[in-house]
Each structure stands twice: as structure tokens, then as C-alpha cells.
J.: 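Here you go, one structure.
Chain letters run A, B, ... following the sequence lines, proteins first and then strands; every chain starts at 1. Side chains are part of it too, since the values below use all heavy atoms of this structure and drop only hydrogens, waters and symmetry mates.
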Amino acid sequence: VKLDDVAGRAVEAALAAGASDAEAWAEESVSRKVRVYAGEVESLSDAGGRGVGVRAFAGSRSGYAYGTDLSDGGVTELARAAREAAEVADEDEYEGLPDELGSSEVDGLASPELADWSTERIVELALEVERAARARHGVTQVENAVYSDANGSVALANSRGFAASYSATQAWAYASAFAGEGADLMTGLGVGMGRAPSALDPEAIGAEAAERALALVGARQPESRRCPVVLDAFVAASFIGFIGSMLSADAVQRGRSLFAGREGQEVADPALRLADDATDSEGPASAPFDGEGVPTRRTGLIEEGRLLGFLYDSRTARKEGRQSTGNASRGSYRSPPSVGTTNLMIEPGEEELAGLVGLAGEGLYVTDVAGLHSGVNPVSGTFSVGASGRLIEGGELGTPVRELTIASDLVSMLKAVRSVGSEVRWVPFGGSVKAPPILVADMAVSGS
Amino acid sequence: LTLVDPELAGRVLERALARGGDMAELYAEARRGFALSLDDNRVERPQGGRERGACVRVVQGDSTYYGHVDGLAEEDLLRVAVSVSEAVRGDAQHPAALSAVKPAAGHPVAIRPEEVEAARKADLLRSCNERARAAGAEVTQVRIGYGEQQRQVEVFGSDGRAATDDRTRVRLGAQVVARRNGRVETGSDTRGGHAGWELLEEDPEAVAERAARRALTLLDAVDAPTGRLPVVVGNGFGGVLLHEAVGHGLEADAVQKQASIYAGRLGEQLADPFVTAYDDGSRQNAWGSEGIDDEGTPTRRTTVIEDGRLTSYLYDVLRARKDGVDSTGNGRRESFRHLPIPRMTNTFFAPGVATPDDLISGVERGLYAVSFGGGQVEPATGDFVFGVSEGYLIENGKVTAPVRGATLVGNGIEALRAIDGIADDLDIATGYCGKAGQTVPAGVGQPHVRIRELTVGGTAA
């Protein structure tokens, strides 16, 4: 299938069905996934996917339809369904195709190396991850060691003459290891990602899973306290991912963000600098254009402790008389564009993890949080989430702890950031986030 | 008329086993959906979808090889079968002759949602919006969502099985924000089922009103208490506690990998004798019900806890084979793009004899957790955490002030043992359950349940 051709045909068909404007996003991908267990392949898949989504406008109303039938008949049917769906929507004067169409230069999205890796080699990589985790003394089980990759292409076309496409590859591996037994069993996750399997270090991924589990063996519930808290990179990424979703202009305009009305105001300690950047060649969410054909870019969000602005697609930008920041995102052809983060990037600071722990003195090092999405009130920002990790005692990592909650509100937490770590890494939680560990001066920890 | 001609299905299975395998399966699916939402007093985001695709899998020993493709073209299906078989190492096997395709005992749909005009769906959203806004002047935002989905699935197995199921679901959800001075609170509610538009004919606006009442109530909320307290958990969505803290640990994949705190404990007394719990995928028109599961096994009621004893795990075909038992009809998949794995359907505590008032009046100081914003569990340890989206203090046997920001933290085994009362008001709510990257509709439910003591993490630490 020629994706450009599919997208072009879909746009033509929507116009023929009476749309005043139209846009189509066509996608094709091949993906592989290997799951190993106890030295054997548990499952191995090789899959192909393709589809197209059509957004049709009837003046200031829009409708969407998607499907997997890319034949002339199938695409025509979808285009008509999108045009009909638009009839149901209410008028929205800000709806419409973007004015600022184009592509940015983003290099290195696709690695030709991916194709060189046979099934046998990726199976071996997954097995290496598992072996590395099992090799650590005290690891009782490796529940999962998984390798997966994808090679995808997209083409976008619209009735204003935009037509462009790109390809991207991604490879991931992760493992989940157990240490301890019975009620004291603890789990640890190790992850790695890159454009091709050669970018993954199976030894490091397995070791990380093992070490995260081993660090928690013997964990018990701590006493309640208020203290400094060091969030490790995984946990920092989860929080930043949530904060990123609150920086969407759509959430702000609909009154669903605690950051509404705070543009230009102080919302964080100056140590914390945050940007959204879809042009970073390593970023899993990087692309030359966004989900509606606007060139991608880097958008500073928090600098010098101040909130610089929000993330926009063309509709939310038009509503405020601004330019889109190229943040119309698409999960896949199955969803119409909506405002979303791309790669959230926290600027690294000076301190290594040991330095942050030393600065904390007496406190808590959090390596896992649970229930973030149910535990945070998106409008007020107050949160209380389950956590596990280790106490910080005398400036060093000490007793492992679990069954506790940490509570604060997001802005208080951002303002209480005391230091940002130097060791940044890509974390696939909370979207795509590049995060270091972060020291927060004060949080409520509740246990027994 | 089938999605895949049985003759072609037979050839696909033959190809899939060309290099060996204990079993092969072709899973085909056609799905269509429509969704619409209302936000800021405006009906928006109407969207429809039509997808077709298939998955071929071959199982050899403990290894599963599979592939999936969008579309149901003959050449694509055969190509996937060849590519899957290439990973297998063995001698060619031959599938049994396919039996006649058997439609599953369905869940009756009185009014097919796709036959209801889209304009009526938009009107439903508008009337829900009005009802929510009428609940109080402090209601500032209302978001209503409607979704319908039809999935036609077919399963052809090398053991000769040929089954089909036609599944229709509708769901209405409301989210309301209320404000007073600087305070902002949200409330939500949903109604859904494995059923048609008829589910939304009787006072659907009540869903929006309940969401609004929850948000308004929370405006008066005090900070949640902290510490170990007795907790009365509400009926319906309160069952998410059972789902997360117990149900996931009963899924046989976790059990067989010793990744569950419930492994090796069948027959053990885990709770008081008045505690019984089921997983029931055959419950008429319930949200998590199907006719067959995604491997062609008819759904059924499985008693997982009987009189306090652990009696069964939840199985798909693969894990059942390993334990030498029958599948319990819990092999589910999000779509043809995923492998079936053991999943809950509708999981709930059986009703007891007490009334909710009986449970509450016995508590001197505690928490009444009516509804949760969601939860998470580590099946290996049974540790769980839940955010309480609607909760109240219980003082001297009476429900008093609403609380905000409460979190329940605990362990499934300990919480089960600590159940000291079950009421008679069973209700099942609509949830979405995520596991291994797959999201499926799951019914969560229970009557009111009292837990002697749980850790409550509040904002008042």
C-alpha cells in the first residue's frame, strides 16, 4: 500500500462527500515482540497493521472516522462516515485545519539496523536480559523479560495541500524481577529503549530489574512523618508526565488544569527546568510534524521557576489568537488529533543520586508509586499516592519501606524541589519523559 | 454468514501447523464503534470506526507463536499462518475437521445502538448536561461521554472448535466539576452493559445527576484522616477492591509463575465463612459478560471463594492445560491484535444478610469509602492502593462529613481476612481493566462490605 496515496484518496473522497475541508492520517507498521520465561520463548509475535483516519469538516463542525479497509471503496465509505459524523457536532468557531503547515528537520527517527536483527537475535537479546536478572544473588524469579520493536510509517494529507510522511523505529526491552518470598516478595522493573536493539544493554536492563527488587527486600511500613523525599527517575517521570498533561491548553481552557491562569507566575523552584521537545532525535515521540501537519519544535514550559506557557494544537491556539506549538497528538489512526505532550524533558542538574540522598539527610527515597492517576485531583493538584522505596538515614539509603503514601499538592511539590539530579534517562511512563532523580524538600509520608 | 469462510479457516490452520505445534487457532474479528461527547455545553468529537483483522497463533509446549494482520483478505491470513509456522520447530501436524460454526448464547439486545440516529445520542448528552447543571449553582463544568461498540468474533481451533459471538456494549459516563471560592471538586458516574440502547432508555440523566451530587458533596469535604481505621466499602464500584486486591492474584498466569500471593493456596481458609466471591462472565447483560471468551470457551460462573475458602483460579486454555483442568472461560483479549490471557469478567462478592446500616452502625470511628477513582495492585505481594473518590467519616455509628484525598493502602490477603461484614445490596459497575498492555471491559461489584482495619493515607498527615 502507498500511504501517501491512501491519505490523498481519503481527502478527495471527503471533499466529494461534501466536506468543506478534510484531513487524513494513514499509518502502516510492522512490529515484533518476544517474551521469554525460564530460558524459553513464552511467546513470539510478528505483526502488521495498517489503517486510516479521516477528519472531515462541515464549516466549523468536525467529525472523524477510521478503519482498516484501505481499498477505494473502504476509504470512500470512511470519508462519508466522517462527513456524516460532523453533522452531529455543535458549531465551534475555532475548529478547522491549521494555518501553520510544514515539517521540521528531525534526524535519526528510523534506524536501518532494525531490519538486520533476525528473530533469533532478538530472542537471544531477551534471554540475555532474563539471565542478567536471574544471575543476581537473591533474585527468586524473573516474571517477564520482554523485547519488542516497531517500524512504522505515517502519511498525512489535507485539503490545503499539505502532504508529507515519515518513518520511525523503536525498540524496547524490560524485565520484572522478584526478590524475597511469600508476603515479603518484592518486585523490580528494569527498562531500556532506543531506535534499534543495538541501543539496548541487556545486561544493564536485567541488572536494574534485579537491583530494584533486591533493594526492597525486608520492606515494612514506616512511621508517618514529614521529611525530604528523593524521587528516583521513574517516579519523577511519572509525576512530570502527569504535570505535562495539565499543561495542555485544552485542559487549561476547559478549566481542568491547576495551571490555568498561572502563565508567567512562579510555579516551581528555579532548579526545575522543563520543556516539551518533539525534535530530539532520541525521543520516542519525536516527529517532523504533529498530528495535523504543524511543524514540531521545542517548547519551554518551566524556566527560572516560572510557567512560560502551555502546549497548543491549532484549535486551542486559535481560541487565544496564538500559534500552535505543534502539539496535536495522535495515539494512532484510531483517534483524531488532540493536544498532548511529545517528549517531556527535565534539564539535568549537578548532583548524582548519592549527592541528592546526602542532601536529604533524613528522609525517604521513593522508587515506585502506585495509583497516581486516581490519587491526584487534576484541578486542585492535591495528591496522595501509594509508594515504596527506602528510608534515607544519615545521608545514606537505609531501611526498605512499603505500604506508605506520600501526599502534597503538585505546585507545592514543584516549589519544594531542592535539587535536580544529573543522571537523566528516558522513561516510558507518563508518556515519553527524559528525567533525572529529584530531591523535594518536604512531603507528608503516611505509614503507621 | 461468517467473517472467514470455514473452508479458508481450515486451510489457515493447516498452514499454521505445517512445521508442528500442539494447537493452532485463527481468531477473526469485525468491530465497529461510535462515540460522542459533550463538554463546555457543546456536543463534540463524533467518531466512528470500522476494523477487521485476524490473529493466528500456534502453541508448542510452553511457547506461543502468533501474528496478526489488519483486514481479512485470504492472502493476508495465509501469509500470517506461514510466518507464524516458520518460528516453530517440529513435524507437520494436521488440524481436526472444523465443526459447524456455533453462535454463542448471547446477551439479548433489544435496540441495536447503531440503528439509533446519531442526533438522538447528541440529545441524550444535552439532557444529561442540563440535569447535571440543574443540580446546583456551584456546578461549573460538565462532561458527558457516550460510546457504543459491536464486536463480531470468530474462533477456529485445530481441535475442531468453531464458535462465534456477537457482542454489543453501550456506556454513558458523566464527569462534573463543582467550585466554591477556591475549592474545586469532581464527581463521576457511569452506566453500561453488554446490552443495547434500551439500557439508556430509563432515566439516563440520573447518571449525570449522581456525578453532580458527588462533586457538590465534596465541596464540604474535610481532610481525610490518617492511620489504621475500620473501613466500610460501598456497593457497586467499591468492588474494584476485590478486583484489584484479590481477582488479579487469581488469574492463572500470575499463579503459575508464582507471581501471585494466592499461588499454592487452593482450599485454604482465607476469609470468614460468610465470604463468597464469584467471577461470572455469563451474567445476563452485565458489562464484563460475553457469550464465549476469546478462545471459544463458553463463559460461566466460577466460584473463586466459597465460605471463605479459596476454591478456584481463573483460566484460559493454555494455563488450564498446564494445570490439567478445564478453562473457566476467562481467556480474553482486547482485540485481534492481542493474545488471550486469563482475565476477570464480572467479579463480585456474593450478598450477605446484613444491611448497609448494620455495617456502619457498628463503627465508632472509621471511613465510609463509597467509590474509588481507581486502584493498583502488585499481584506478587497482594499490596494495593486505591484512591477514594467519594468518602465520608463514620463517627459513633453514623456517616458524617465527606472527606477528600483519602487513599487506602493494604494487602489483599490481610484485607480478605479482615472482612467482618457483608450486606445484602449487590450491585455491579462498569470498569475498564488494564493488564499486559490490554484493556478490556470488566464488571466490578459487591454489596457493602466492612473491613475491620485498613491503612488510610490521608491529606491530613
J.: If you count heavy-atom pairs within less than 4.5 Å of chain A, which of B/G67, B/A119, B/G33, B/G48 leads?
T.: B/G48
J.: Can you give me the closest heavy-atom contact between A/A47 and B/H68, atom names plus distance?
T.: CB-NE2, 3.0 Å
J.: Tell me, side chain or backbone of B/R31 under 4.5 Å from chain A's heavy atoms, or both, or neither?
T.: neither
J.: Between B/P46 and A/A85, what is the shortest heavy-atom contact and its length?
T.: CG-O, 3.2 Å
J.: By a 4.5 Å heavy-atom criterion (distance strictly below it), what part of B/D383 contacts chain A: side chain, backbone, both, or neither?
T.: side chain
J.: How close do A/F178 and B/Q258 get, counting heavy atoms only, and between which atoms?
T.: CE1-O, 4.1 Å
J.: Would you mind reporting whether B/T64 and A/E42 have side-chain heavy atoms less than 4.5 Å apart?
T.: no
J.: Could you tell me which of B/C55, B/G410, B/A122 has the largest number of non-hydrogen atom pairs under 4.5 Å with chain A?
T.: B/G410
J.: Between B/N41 and chain A, with a heavy-atom cut-off of 4.5 Å, which part of the residue counts as in contact: side chain, backbone, both or neither?
T.: backbone
J.: For each of B/E44, B/E86, B/E414, tally heavy-atom pairs with chain A at distances under 4.5 Å, and name the one with the top tally.
T.: B/E44
J.: What option among B/R143, B/R32, B/R179 has the most heavy-atom pairs under 4.5 Å with chain A?
T.: B/R143
J.: With a 4.5 angstrom heavy-atom cut-off, which part of A/L404 approaches chain B: side chain, backbone, both or neither?
T.: backbone
J.: For chain B, which candidate among A/G63, A/P336, A/A81, A/G49 shows the most heavy-atom pairs at distances under 4.5 Å?
T.: A/P336
J.: Less than 4.0 angstrom from a charged side-chain N to a carboxylate O is my criterion; do A/D69 and B/R50 meet it?
T.: no
J.: Does the pair B/N411 and A/R402 meet the rule for a side-chain contact (heavy atoms from CB on, under 4.5 Å), with working shown?
T.: CA-CA 11 Å; B/N411 180 277; A/R402 66 195 260 212; 4.2 Å; yes
J.: Looking at every non-hydrogen atom in both residues, tell me the closest pair between A/E143 and B/A259 and how far apart they are.
T.: OE2-CB, 3.6 Å
J.: Contact part of A/D184 toward chain B, heavy-atom cut-off under 4.5 Å: side chain, backbone, both or neither?
T.: neither
J.: With sequence neighbours excluded, what pairs up with A/E91 under the side chain to side chain contact (heavy atoms under 4.5 Å, CB included) test?
T.: A/S60, A/R61
J.: Which value, rounded to the nearest 0.5 Å, describes the distance between B/D253 atom CG and A/Y37 atom OH?
T.: 11.0 Å
J.: Give, for atom CZ of A/R35 and atom OG of B/S63, the distance between the pair rounded to the nearest 0.5 Å.
T.: 13.0 Å
J.: Rounded to the nearest 0.5 Å, what separation is found between the CG atom of B/D70 and the OG atom of A/S29?
T.: 8.0 Å
J.: When you check the gap from the basic side-chain N to the acidic O, do A/R50 and B/E51 get nearer than 4.0 Å?
T.: no
J.: With a 4.5 angstrom heavy-atom cut-off, which part of B/L408 approaches chain A: side chain, backbone, both or neither?
T.: neither
J.: Apply the test side-chain contact (heavy atoms from CB on, under 4.5 Å) to residues A/V88 and B/K121: give CA-CA distance (whole Å), side-chain angles for both, the deciding distance (0.1 Å), then the verdict.
T.: CA-CA 9 Å; A/V88 188; B/K121 295 162 189 167; over 6 Å; no
J.: Assess the residue pair A/S338 and B/R45 against the criterion (side-chain contact (heavy atoms from CB on, under 4.5 Å)); give the C-alpha distance rounded to whole Å, side-chain angles, the decisive distance to 0.1 Å, and a yes or no.
T.: CA-CA 10 Å; A/S338 65; B/R45 297 177 86 80; 3.5 Å; yes
J.: Measure distances from B/Q141 to the heavy atoms of chain A and classify the residue's part below 4.5 Å as side chain, backbone, both or neither.
T.: side chain
J.: Report the C-alpha distance between A/E93 and B/R42 in whole Å, list the side-chain angles of each, state the deciding distance to 0.1 Å, and finish with yes or no for salt bridge (charged side-chain N to carboxylate O under 4.0 Å, His left out).
T.: CA-CA 12 Å; A/E93 59 184 303; B/R42 199 179 355 243; over 6 Å; no
J.: Among A/A65, A/A370, A/G67, which has the most heavy-atom pairs under 4.5 Å with chain B?
T.: A/A370
J.: Determine whether a donor-acceptor pair (N or O, by modelled atom type, separation under 3.5 Å) exists between the side chain of A/Q141 and the backbone of B/K257.
T.: yes
J.: I want to check something: taking the side chain as every heavy atom from C-beta on, are A/M186 and B/E378 in contact at a cut-off of under 4.5 Å?
T.: no
J.: When you compare the side chain of A/T68 with that of B/R52, does any pair of heavy atoms fall below 4.5 Å?
T.: yes
J.: If you take all heavy atoms of B/V385 and A/G386, which pair is closest and at what distance?
T.: CG2-N, 3.6 Å
J.: Looking only at side-chain N and O atoms, does B/T455 offer a donor or acceptor that is under 3.5 Å from a partner on A/E403?
T.: no
J.: Who passes ring-ring contact (aromatic ring centres under 6.0 Å, His included) against B/F34, sequence neighbours left out?
T.: none
J.: Report the C-alpha distance between A/D46 and B/R79 in whole Å, list the side-chain angles of each, state the deciding distance to 0.1 Å, and finish with yes or no for salt bridge (charged side-chain N to carboxylate O under 4.0 Å, His left out).
T.: CA-CA 11 Å; A/D46 198 335; B/R79 196 181 55 232; over 6 Å; no
J.: Is the backbone N or O of B/T226 less than 3.5 Å from a side-chain atom of A/S446, with the two atoms forming a donor-acceptor pair by type?
T.: no
J.: Chain A: which of B/R337, B/E185, B/E117 shares the most heavy-atom pairs with it under 4.5 Å?
T.: B/R337
J.: Could you tell me whether the side chain of A/D90 reaches within less than 4.5 Å of the side chain of B/R126, counting heavy atoms only?
T.: yes
J.: With respect to chain A, which residue among B/D39, B/D62, B/T186 yields the maximal number of heavy-atom pairs within a distance under 4.5 Å?
T.: B/D39
J.: Would you indicate whether the side-chain heavy atoms of B/L339 and A/S45 approach each other to under 4.5 Å?
T.: no
J.: Please look at B/L38 and chain A and tell me whether the side chain, the backbone, both or neither of the residue comes under 4.5 angstrom of a heavy atom of that chain.
T.: neither
J.: Tell me, for A/E84 versus chain B, whether the close heavy atoms (under 4.5 Å) come from the side chain, the backbone, both or neither.
T.: neither
J.: Any side-chain donor paired with an acceptor under 3.5 Å for A/S384 and B/T407?
T.: yes
J.: Which atoms of B/R57 come close to chain A, meaning under 4.5 Å heavy atom to heavy atom: side chain ones, backbone ones, both, or neither?
T.: neither
J.: Indicate yes or no: at least one non-hydrogen side-chain atom of A/V41 is less than 4.5 angstrom from one of B/Y65.
T.: yes
J.: Identify which part of A/T187 has an atom lying under 4.5 Å from any heavy atom of chain B, answering side chain, backbone, both or neither.
T.: side chain
J.: Return yes when atom CG of B/D123 has more than 12 non-hydrogen atoms of other residues, nucleotides or ligands closer than 6.0 Å, and no otherwise.
T.: yes
